[in-house]
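One structure below.
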Amino acid sequence: MTTLIKGGTVVSATGADPAEVLIDGEQIEAVLRPGSDIAAAAEQGAEVVDATGRLVVPGGVDVHTHMELPFGGTFASDTFETGTRAAAWGGTTTIVDFAVQTYGENVRECLDAWMAKAEGNCAIDYGFHMIIGGVDNDALKEMDLLVNEGITSFKLFMAYPGVMLSDDGQILRAMQQAAGNGGLIMMHAENGLAIDVLAEQAFERGEISPVNHGYVRRKELESEATHRAVQLAKVGAAPLYIVHLSASEALEQVAIARDGGMNVFAETCPQYLHFSLEEHLDRPGFEGAGYVCSTPLRSRAEGHQDDLWRGLRTNDLAVVSTDHCPFCMKEQKELGLNDFRAIPNGIGGVEHRMDMIYQGVVTGEIGLARWVELCATTPARMMGLYPRKGIIAPGSDADVVIYDPDKQWTISVDNHHMNMDYSAYEGVGVTGHVDTVFSRGRKVIDGGRYLGRAGDGRYLPRGLSQYLM
Ligand code: DUC
Ligand code: ZN
Ligand code: ZN
């Protein structure tokens, strides 16, 4: 069964050109010059999809999601089924989710439990990182085995004392292990011990509303942790990937490390580029709870958002992921009605990443090729999935999005597909729209219809980060 996508502009990390894309089964067979004899021949017997006036881009690769994550006495509200379906609606065809091990738990058993949650339920392809919440001898040994099995990245936390936090000694040991086995250390870089002191003091003063989450998770505590993580990575001779970076000062630490020649990488997320502490986290009443995530949204007056866009241009920020971690207002965010510390941390956004970063193309912050690079190509390379994912090229999986660059629409809880009772993006006007999505050659979204199936998504064992080779 072959499909020919013709009439569109194919975008890659290096540019955009008119081209025709021939899909054979699950893979890209060829990228053809329009009007060529080969293109004319390919049309015979193929299903022809007209992409005139559209962009044809690689399916999005979101390397930071949390389906069904246990957090703060509840669970992230998207299952692997609902979350991957929503991802497909938004033009994302691969996710890398986080399996979780906490102190005293067996890494292998935790991973198996996570695999079982996903298996048979995903609409798109998926892989895993492993969160090591309890670095001990067993966990360190297990890291070596996991790298050989395709779990090639490990998240550590400098925040959440008593729950997830690794102390500096544990971090160093995990980094040394990664230096030996080729794995990539991903870091939640916030000084959680200091944050918890400030949070308790704020609560005791009666400062209980959601915005206090942003006040106590100070930018200095993100930059201090980022700096410390970089220094530990230098000592441990390990590569480092900072997750969900939101503060200018943390970005500066990444830039210094990179300018010094270190293998330090960072991602940010659409919420940090488009939202702010003043406009979103500080909304009246309890509305700000919908914007509680960690790291927190930062002040627009201080210019963090502009600095993050600049970081995306300079490559000090190499990846945009979502940190999709959805909670409903009712019965979930509401757990923190009288204490901001009890609001589950997370924003759902797996469906909106391609659109929200495309807004940077519309406003001139980034170019078309950089959009694809940030949302598909680099995440695939960073996490050892390239060229199977992240590019439209012969032999790659036929994960392809046909994108209308001009359509205008408005995001709402009434038109999104994530399992949430609110949208953090409610009322946000968007230019650009995902029209058609192919996942390994199968149409999963077409003209406003979902054609995918739970279970069609396959598990992806990953190679080592291709930025380390
Ligand atoms: N860190 C994450 O990466 N996701 C959800 C919450 C958190 O602190
Ligand atoms: Zn985190
Ligand atoms: Zn996360």
Side-chain angles (χ1 to χ4, degrees), residues 62-78 80 83 87 92 95-102 114 126-133 153-166 171 174 184-196 199 210 213-214 216-218 221-222 225-226 228-229 240-247 250 265-272 275 281 289-298 319-327 332-333 335-336 340-350 353 379 382-383 418 420 424:
D62 188 345
V63 298
H64 190 153
T65 68
H66 300 283
M67 307 305 173
E68 306 179 35
L69 176 77
F71 194 104
T74 185
F75 286 84
S77 56
D78 265 319
F80 279 89
T92 285
I95 60 162
V96 185
D97 202 89
F98 288 82
V100 184
Q101 177 251 9
T102 56
W114 231 267
Y126 62 98
F128 287 112
H129 317 279
M130 190 83 219
I131 287 177
I132 308 284
S153 40
F154 304 93
K155 185 179 176 193
L156 304 175
F157 286 78
M158 302 171 100
Y160 307 123
V163 188
M164 285 289 180
L165 180 139
S166 292
I171 289 170
L184 181 64
I185 295 291
M186 308 172 76
M187 189 64 77
H188 180 128
E190 287 188 295
N191 185 327
L193 290 162
I195 285 168
D196 280 9
H213 173 86
V216 303
R217 301 187 90 89
R218 291 179 57 152
L221 299 177
E222 186 185 346
T226 305
R228 187 158 33 101
L240 175 66
Y241 178 98
I242 305 287
V243 294
H244 51 53
L245 186 150
S246 70
F265 310 96
E267 66 171 23
T268 192
C269 312
Q271 56 268 33
Y272 303 123
F275 299 157
L281 194 54
Y291 298 92
V292 165
C293 57
S294 295
T295 62
L297 303 183
R298 299 293 178 192
V319 169
V320 178
S321 63
T322 56
D323 195 4
H324 176 73
C325 192
F327 297 100
Q332 295 200 299
K333 292 284 185 181
L335 291 167
F340 70 91
R341 297 173 300 175
I343 300 169
N345 288 200
I347 292 182
V350 74
R353 183 182 62 122
M382 189 67 71
M383 299 303 167
M418 300 176 289
M420 298 170 69

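Remember, it's 1-based here, ligands and their atoms both numbered in the order they're listed. Below, each value reflects all heavy atoms present in this structure, side chains not excepted, and no hydrogens, waters or symmetry copies.
- In this structure a side-chain-to-backbone donor-acceptor pair under 3.5 Å is present from Q101 to G133.
- For F340 and H213, the gap between ring centers reaches or exceeds 6.0 Å.
- Note: H324 and H66 fail the aromatic proximity criterion, with ring centroids not under 6.0 Å apart.
- Among the backbone and side-chain atoms of H188, none of the N, O or S atoms lies under 2.8 Å from the Zn ion (ligand 3).
- Using a 4.0 Å heavy-atom cutoff, H64 is listed among the residues neighbouring ligand 1.
- Contact between I347 and Y291 at its shortest, heavy atoms only, is CD1-CA, 3.9 Å.
- Close contacts of ligand 1 with H188, meaning ligand atoms under 4.0 Å from a residue heavy atom, involve 1 (N), 7 (C), 8 (O).
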Quick one, H188 with Y160, criterion ring pair (Phe, Tyr, Trp, His ring centres under 6.0 Å). Give me CA distance, side-chain angles, the key distance, then yes/no. CA-CA 10 Å; H188 180 128; Y160 307 123; 5.5 Å; yes
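- Within H66, the N, O or S atom at minimum distance from the Zn ion (ligand 3) carries the name NE2.
- Residues L335 and F327 are not in side-chain contact: their nearest non-hydrogen atoms beyond the backbone lie 4.5 Å or more apart.
- Contact annotation for Y160 and ligand 1: only side-chain heavy atoms (C-beta onward) come within less than 4.0 Å of the ligand.
- Within ligand 1, the atoms closer than 4.0 Å to a non-hydrogen atom of H66 are 2 (C), 3 (O), 4 (N), 5 (C), numbered from 1 in the order shown.
- Numbered from 1 in the order shown, with element, the atoms of ligand 1 that lie under 4.0 Å from a heavy atom of D323 read 2 (C), 3 (O), 4 (N), 5 (C).
- No donor-acceptor pair under 3.5 Å is formed between the side chain of K333 and the backbone N or O of I343.
- When the Zn ion (ligand 3) is compared with the N/O/S atoms of D323, atom OD1 turns out nearest.
- Protein heavy atom closest to atom 2 (C) of ligand 1, with residue, atom name and distance, is K155 NZ, 3.3 Å.
- Between atom OG of residue S166 and atom CG of residue L156 there is a gap of 5.0 Å, rounded to the nearest 0.5 Å.
- For ligand 1 and S294, the ligand atoms under 4.0 Å from any heavy atom of the residue are 1 (N), 7 (C), 8 (O).
- Each of the atoms 1 (N), 2 (C), 3 (O) of ligand 1 lies under 4.0 Å from some heavy atom of H244.
- Not one N/O/S atom of A159, from backbone or side chain, sits under 2.8 Å from the Zn ion (ligand 2).
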